[in-house]
Amino acid sequence: MTGGRTAGKAITPAQESGASDMGRVVGLFVSPGIGQSMKACAEVRALAGRGLDGDRYAAGQGSYSQAKRQVIRHVSIIEREAIEAANEELARRGLVPFEPNETRRNIVVEGADVYALLGREFSIGDVRLRGIEPTRPCHIPSAAANKTGFKEAYSNRGGVRAEILSDGIISVGDAISGDNISVLPT
């Protein structure tokens, strides 16, 4: 699978030392409400225990904010490489690709295995986070973008949800770092 797991890939020197700079933020997006477009940001304030300032989930207004099964939905993170792989699949099927903002994910990263963040604390810039669970692609991005195929193309590459543990600013270009976290090969 492209853009997801690192099983069977070589271990980098950073992984051997236990600490790594595992990639960088290449896109930041927030949406103030259900169905509203995701707005690109150069930087955004992370609010511990809530989400990203200006985003629907920080305000308790997300599609799943009132779901019976409550899950921490402070922030969602997806790999640029996963977006590219899913879009290649869509193109092969004759469907229109999704732009990064149309994935409805908050943070797009490059050079990172976001699934390696699950169950771990990590940092983006000076903000501490914890990986909670994989996102399960649904119909909402297709409906919001008026395109088809998102749920299928992004299956097993839809990214992860994370809990924000400290206040701070996340900016495009910030490094993602943590102990014993995998990087994607270059």
Side-chain angles (χ1 to χ4, degrees), residues 1-10 12 22-42 44 51-52 55-57 61-69 71-119 124 129 131-162 170 172-173 176 181-186:
M1 165 182 27
T2 303
R5 317 267 190 243
T6 58
K9 296 180 183 171
T12 67
M22 63 168 288
R24 300 217 172 269
V25 174
V26 296
L28 287 170
F29 303 96
V30 297
S31 173
I34 295 173
Q36 294 185 24
S37 296
M38 298 290 284
K39 175 185 155 195
C41 305
V44 65
L52 300 177
D55 190 64
R56 64 208 182 279
Y57 282 101
Q61 300 298 312
S63 296
Y64 297 101
S65 291
Q66 306 305 316
K68 288 181 183 179
R69 178 179 170 260
V71 173
I72 294 172
R73 296 178 186 275
H74 297 172
V75 67
S76 54
I77 306 169
I78 191 169
E79 301 162 12
R80 179 197 50 80
E81 296 87 350
I83 294 171
E84 290 175 356
N87 283 340
E88 288 172 11
E89 180 182 320
L90 288 166
R92 280 192 303 274
R93 294 172 43 210
L95 299 174
V96 179
F98 285 78
E99 295 297 321
N101 66 308
E102 293 173 327
T103 67
R104 313 258 336 138
R105 303 305 188 253
N106 300 113
I107 302 174
V108 179
V109 300
E110 178 177 79
D113 176 3
V114 298
Y115 295 96
L117 304 173
L118 293 172
I124 299 179
L129 301 101
I132 300 298
E133 70 176 6
T135 60
R136 289 174 182 76
C138 65
H139 70 283
I140 293 173
S142 283
N146 199 26
K147 297 178 180 180
T148 58
F150 181 87
K151 184 175 180 179
E152 299 77 18
Y154 283 81
S155 178
N156 296 316
R157 52 170 85 106
V160 300
R161 279 191 274 280
I170 298 175
V172 170
I176 303 155
I181 295 177
S182 302
V183 295
L184 293 177
T186 54

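- Geometric assessment of K147 against the ring of F98 yields a positive cation-pi assignment under the 6.0 Å and 45° thresholds.
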Problem set entry | Criterion side chain to side chain contact (heavy atoms under 4.5 Å, CB included) on V96 and L90, from CA distance to verdict | CA-CA 6 Å; V96 179; L90 288 166; over 6 Å; no

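- The CD1 atom of I83 sits 11.0 Å away from the CZ atom of R157 when rounded to the nearest 0.5 Å.
- The two residues C138 and F150 come nearest to each other via the heavy atoms O-CD2, 3.6 Å.
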For this session: I would like to know whether V114 and I78 meet side chain to side chain contact (heavy atoms under 4.5 Å, CB included); could you show each step before the answer?
Result: CA-CA 7 Å; V114 298; I78 191 169; 6.0 Å; no

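- A pairwise comparison of heavy atoms in A162 and I77 identifies CB-CD1, 4.1 Å as the closest pair.
- Sorted by first and then second residue, the pairs that involve residues 91-101 and meet salt bridge (charged side-chain N to carboxylate O under 4.0 Å, His left out), not counting sequence neighbours, are E89-R93.
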Problem set entry | D113 vs E79, side chain to side chain contact (heavy atoms under 4.5 Å, CB included): CA-CA, chis, key distance, verdict | CA-CA 7 Å; D113 176 3; E79 301 162 12; 3.7 Å; yes

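- The line from CG of N156 to CZ of R136 is 10.5 Å long, rounded to the nearest 0.5 Å.
- Between P100 and V108 the shortest side-chain heavy-atom distance falls below 4.5 Å.
- Of the possible donor and acceptor atoms, none in the side chain of S155 sits under 3.5 Å from a partner among the backbone N and O of E152.
- Separating the CE atom in M38 from the CG atom in L28 is a distance of 10.0 Å, to the nearest 0.5 Å.
- No donor-acceptor distance shorter than 3.5 angstrom exists from the side chain of T135 to the backbone of R161, with no hydrogens or angles considered.
- R24 places a side-chain N or O within 3.5 Å of a backbone atom of G173 that can act as its donor or acceptor partner.
- Atom CD1 of I176 and atom CD1 of I124 lie 5.0 Å apart (nearest 0.5 Å).
- When all heavy atoms are compared, the tightest approach of Y115 to P134 is CE2-CB, 4.1 Å.
- Closest approach of P137 and Y154 over heavy atoms only: CG-O, 3.1 Å.
- L117 contributes atom CG, which lies 8.5 Å from atom CG of L129 (distance to the nearest 0.5 angstrom).
- Remark: I107 CD1 to F29 CZ distance equals 11.0 Å, nearest 0.5 Å.
- Shown here for V30 and D55, the closest heavy-atom pair between the two residues is CA-OD1, 3.4 Å.
- Checked against side-chain hydrogen bond (donor to acceptor under 3.5 Å, both in side chains), S76 has the following partners two or more places apart in sequence or in another chain: N106.
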For this session: Evaluate the side chain to side chain contact (heavy atoms under 4.5 Å, CB included) criterion for residues R104 and R56: first the C-alpha distance (whole Å), next the side-chain angles of each, then the deciding distance (0.1 Å), finally the verdict.
Result: CA-CA 11 Å; R104 313 258 336 138; R56 64 208 182 279; 3.9 Å; yes

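- Not one N or O on the side chain of E133 forms a donor-acceptor pair closer than 3.5 Å with the backbone of L118.
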